[in-house]
Amino acid sequence: MRCDGVVSIRVPASHQARHFGRLTFWALGATLAAAVVHAAMPGLGARLGSYRSGIVTAALFALASIYTIRKRWMWLTVRVMRIAARMPHTIAHRMLIADRLESWRLYHVIIGAAVLAPFWWHLDQGAGASRLEAALAAVAILLMLSGLAGAIIQDFLPRAMRVRPEQEVRPEDVEAAIHDVYVQAEEAILGHSEALVHAYLKHVRPVMLGARPARAMLLATISGADPAAPVVARLRAHKDEAPNEAETWERLVLLAQRKVRLDHNRFNLALGAGWMRLHIALAIVLAVLTAFHVAGALYFAGL
Amino acid sequence: MAEHTNQVAIDPAEIWRTLRQFDAFSTFTDQQRESLEHAIAHEFGMTVRRYAQGDYICHKGEFELDLCIVLSGRAEVHDRDDRGVEVHTVYEAGSIFGELGAMGGRPRSFDVIAAQQTLVFHIPRHALKHLEINEKLRGILAERYRERAVRAMSARVELFAPVPESFIDELIPHCQIARYDLRGVPILEQGQAVDGFYIILDGFVQIVRHRADGQRRVLAYLREGEYFGEMALLGTGNAWASVFTAGKCELIKIDAGEFAELCRRYPAVERAMREAIVQRQHQEDTITDELSDLLEKSGQLGVIQSDALLVMDLDRCIKCDNCVRACESLHGRSRLIRNGVQIGKYLVPSACRHCDDPKCMSACPTGAVARRPEGEIYFKYDVCIGCGNCAIACPFDNITMIDTPSFDLAQARKAEIVGGRDFFRPYPQTHHDAGAGLLARLFGWHQEAHATPQTHEHVAPSYPIKCDLCDGLPFMGCVHSCPTGAAIRIEAAELFEEIGAVSARSHIRKANEGK
Ligand code: SF4
Ligand code: SF4
């Protein structure tokens with residue numbers, strides 16, 4: 001799918017609000033608030049004690065994880081809606097809005113960031129932590145950091161992708177388009193001079209079959225630069241290797257350009273999905289370590 | 001296939017003996033009679049139904065697309081029309097009603113209620129041809145349709161709001177109905193003489209202006225209830241812009257001379273038209289080349305004609321596929337493919353658009369594709385024979401035929417989730433589980449016990465599925481489960497709200513969820 005220009009059309013007012021950075025704003029805001037609360041109440045950790053601060057921390061993590069369940073299973077929503085159906089219309093409507101996954105994502109981010117305060121108090125109590133507890137703390141911090149990174153990615157990546165010329169939205173469509181470009185390039189050289197075929201095999205085909213380094217792709221995403229630009233410049237410099245074939249060579253260059261842009265499209269799709277996989281993996285490790293930590297704490301408490 | 005509970009088994013010959021007493025059937029030849037009797041015996045949906053006193057024969061606002069002929073008894077309408085005029089009509093034996101639905105695919109204008117025990121012969125839209133083989137009956141139906149359509153439409157045309165009912169009475173004899181089946185058919189050509197004033201009865205037309213520099217600009221799409229030809233009528237007599245059909249459409253054409261004469265006698269109409277002219281000319285300055293291209297493309301892709309278009313804002317979409325998963329989770333099979341055409345920053349994925357002119361509905365031989373008053377297109381599975389015509393006819397490939405066992409499982413899944421056909425309709429009242437305990441009512445446990453795979457009396461090898469806007473639920477799964485708010489259901493007009501290129505007529509209630 002190729003971009004067909006940016007045209008000023010619009011959808012309902014409810015949908016027009018500026019949203020770039022909204023999630024990042026809430027994530028940073030909630031983190032800051034948690035830090036301020038922690039700084040403002042230094043004694044609270046001691047008053048709560050390690051058990052209670054631990055319980056609050058675990059409870060908040062558990063609360064944040066409901067989002068994952070809601071996201072994958074409509075069961076919860078249908079139950080909420082059944083309750084809503086018995087309420088007056090205005091309340092029912094609010095429940096409906098509150099149950100939208102968009103709202104759940106916001107709760108998830110805010111709770112996930114706010115957990116910092118009790119977590120910090122809990123850490124304050126934990127003098128002489130074991131290796132398990134050190135690992136648990138590290139994973140919890142990594143989880144929060146990955147969440148923050150995710151908020152930034154989810155806020156800014158869609159638009160960064162949308163302003164690109166290649167805008168496939170599913171990995172399978174990118175693969176199909178890449179295959180299509182490759183076939184076009186192979187067909188373009190049929191019946192042409194040996195010099196062109198050699199130049200193609202030497203310079204263009206590696207682009208067609210190869211992958212760009214992830215770092216270059218990431219930089220292109222962040223800077224907004226076209227990752228195909230250096231490739232195109234390099235290929236154009238080899239134009240003379242196929243004398244009298246300028247037109248076909250230019251066509252091959254453009255196909256290579258499209259291939260690199262599709263690679264970038266694929267990278268961006270993978271970035272969105274890959275971050276999520278990392279976040280989920282960290283959450284699972286955290287849950288397992290927490291289980292050991294809690295079991296250990298109960299054991300040492302003699303329960 | 002399910003039969004109507006009030007259906008009466010009557011021999012076709014006996015139905016004919018009743019029909020032939022009515023004037024409309026007086027000129028049927030033997031051959032036409034035989035053909036009609038054969039159709040009654042074999043055509044799906046041609047039924048006689050018995051209504052007790054007080055029973056509803058037609059429901060106002062419903063898309064019940066069959067013609068009704070009263071065989072015996074009496075039915076009545078007590079209502080006010082759209083203009084607020086009191087309507088009291090009595091239908092005796094031999095009366096025909098329901099032309100707007102059967103011939104024009106429009107919803108019922110009134111509730112029709114049996115005043116005593118009444119037998120009504122129902123002829124579905126697809127079987128009308130068996131009546132129209134007779135010239136006299138065809139003429140009667142066309143005449144009644146013309147009159148009803150003009151009356152119903154004139155009540156909705158803003159232009160006629162300030163005029164008295166007598167204006168409409170005078171207008172009707174000068175109206176003709178014009179039908180077009182294809183897109184791109186020229187109705188008016190810029191600069192050419194115009195011989196009529198047009199009101200759109202159904203469908204869309206495209207307004208195109210060829211500029212002095214040779215550029216072709218699409219200025220707008222006009223839809224049902226809007227009109228064109230007024231500039232020529234009040235100006236030079238020549239068309240200011242070209243007008244093309246934007247798909248199947250139906251127009252009321254009023255003779256230019258007669259309409260100009262009527263306007264002279266009712267100056268309020270002329271004043272309203274002059275205001276509209278200023279607005280339309282202003283539109284030419286608003287539309288840039290880019291917007292014109294976008295409008296053209298949207299018309300070609302059928303986006304303009306969509307009543308409930310699922311779009312994904314690519315500035316927000318994180319490509320998580322949750323919308324697809326939610327659909328699958330609710331319906332057992334996803335009815336949404338997250339790929340399709342792109343209009344500006346919006347992706348229009350493959351999901352039913354609930355078209356203004358649904359090709360699937362026209363292609364169904366049994367009337368199993370129906371429309372709700374809110375505009376949703378849905379399947380009546382009890383009358384579906386699984387022929388797959390709808391899937392072939394949908395220009396956007398939005399219908400999938402799935403094998404019967406998978407279909408039954410998917411239906412059971414939906415029943416389990418929704419917990420009863422009308423669980424949330426009308427939202428939010430429900431009465432069906434009033435007898436259950438508090439916890440069961442809150443959590444709907446008892447409903448799941450009823451969720452068994454659907455069994456069909458008539459078993460087709462496959463059944464069609466498509467998006468039904470999560471019929472029975474107060475939300476649309478895809479929209480409700482999008483974590484970023486990228487997925488929205490809108491009426492096409494809302495995309496072009498700012499430039500006023502398509503007027504809005506949003507009637508899909510759930511489309512406004514979250515506003
Ligand atoms: S199934 Fe196809 S033709 Fe029918 S309403 Fe949906 S999009 Fe239109
Ligand atoms: S759920 Fe929303 S964000 Fe995710 S793929 Fe669908 S439209 Fe895009």
Side-chain angles (χ1 to χ4, degrees), chain A residues 1-15 19-20 23 67 70-75 77-79 81-89 91-93 96-97 99-102 104-105 108 153-155 157-159 161-163 167-173 268-269 272-273 276, chain B residues 290-291 293-294 297 311-322 325-326 329-330 338-347 349 417-419 423-424 427-430 441-444 447 473-475 477 479-486 488 490 494-499 512-515:
Chain A
M1 191 191 312
R2 310 193 86 169
C3 176
D4 63 318
V6 183
V7 178
S8 131
I9 50 175
R10 65 173 209 178
V11 282
S14 63
H15 200 67
H19 59 277
F20 300 134
L23 203 62
Y67 169 67
R70 159 68 183 84
K71 197 167 147 188
R72 284 168 180 76
W73 209 17
M74 292 302 281
W75 184 91
T77 285
V78 172
R79 263 63 199 171
M81 287 306 110
R82 284 196 172 141
I83 297 169
R86 284 152 186 82
M87 301 287 170
H89 189 274
I91 297 178
H93 188 70
L96 185 70
I97 303 298
D99 183 68
R100 293 184 68 161
L101 197 64
E102 206 183 341
W104 275 101
R105 187 175 68 141
H108 173 76
I153 289 175
Q154 293 201 345
D155 266 348
L157 188 61
R159 180 159 172 89
M161 287 177 75
R162 219 260 304 161
V163 294
Q167 299 182 18
E168 297 298 344
V169 289
R170 299 185 307 170
E172 56 264 47
D173 300 327
N268 283 335
L269 286 176
M276 180 67 80
Chain B
E290 209 181 13
L291 281 172
D293 288 348
L294 186 79
K297 184 177 171 191
V311 293
M312 288 162 184
D313 180 345
L314 291 180
D315 273 354
R316 291 185 176 201
C317 176
I318 52 169
K319 287 94 186 167
C320 62
D321 236 8
N322 226 50
R325 274 200 298 267
S329 157
L330 284 170
R338 198 171 49 80
N339 195 9
V341 294
Q342 196 181 332
I343 306 268
K345 66 170 182 163
Y346 297 102
L347 172 71
I417 292 275
V418 176
F423 186 72
F424 282 111
Y427 177 66
Q429 284 104 33
T430 56
R441 267 194 282 148
L442 278 180
F443 294 99
Q447 286 152 5
L473 290 168
F475 56 84
V479 175
H480 198 71
S481 290
C482 173
T484 63
I488 46 170
I490 51 166
E494 292 179 72
L495 278 174
F496 303 99
E497 205 176 14
E498 201 163 85
I499 53 172
N512 296 327
E513 181 205 338
K515 264 196 180 180

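Each chain gets a letter, A, B and so on, in the order the sequences are listed, and its residues count up from 1.
Going from atom NZ of Lys345(B) over to atom CG of Asp313(B) covers 4.0 Å, rounded to the nearest 0.5 Å.
When all heavy atoms of Cys320(B) and Arg325(B) are compared, the pair lying nearest together is O-NH2, 3.4 Å. In plain terms, the two heavy atoms of His480(B) and Leu96(A) that are nearest each other are CE1-O, 3.2 Å.
Proximity to chain B involves both the backbone and the side chain of Asp99(A), based on heavy atoms less than 4.5 angstrom apart. Residue Met276(A) does not touch chain B at all, counting heavy-atom pairs closer than 4.5 Å. For a residue to count as touching a neighbouring chain, one of its non-hydrogen atoms must lie under 4.5 Å from one of that chain's; by this rule Leu157(A) does not touch chain B.
Checked by atom type, the side-chain pair Arg70(A)/Thr77(A) shows a donor-acceptor distance below 3.5 Å.
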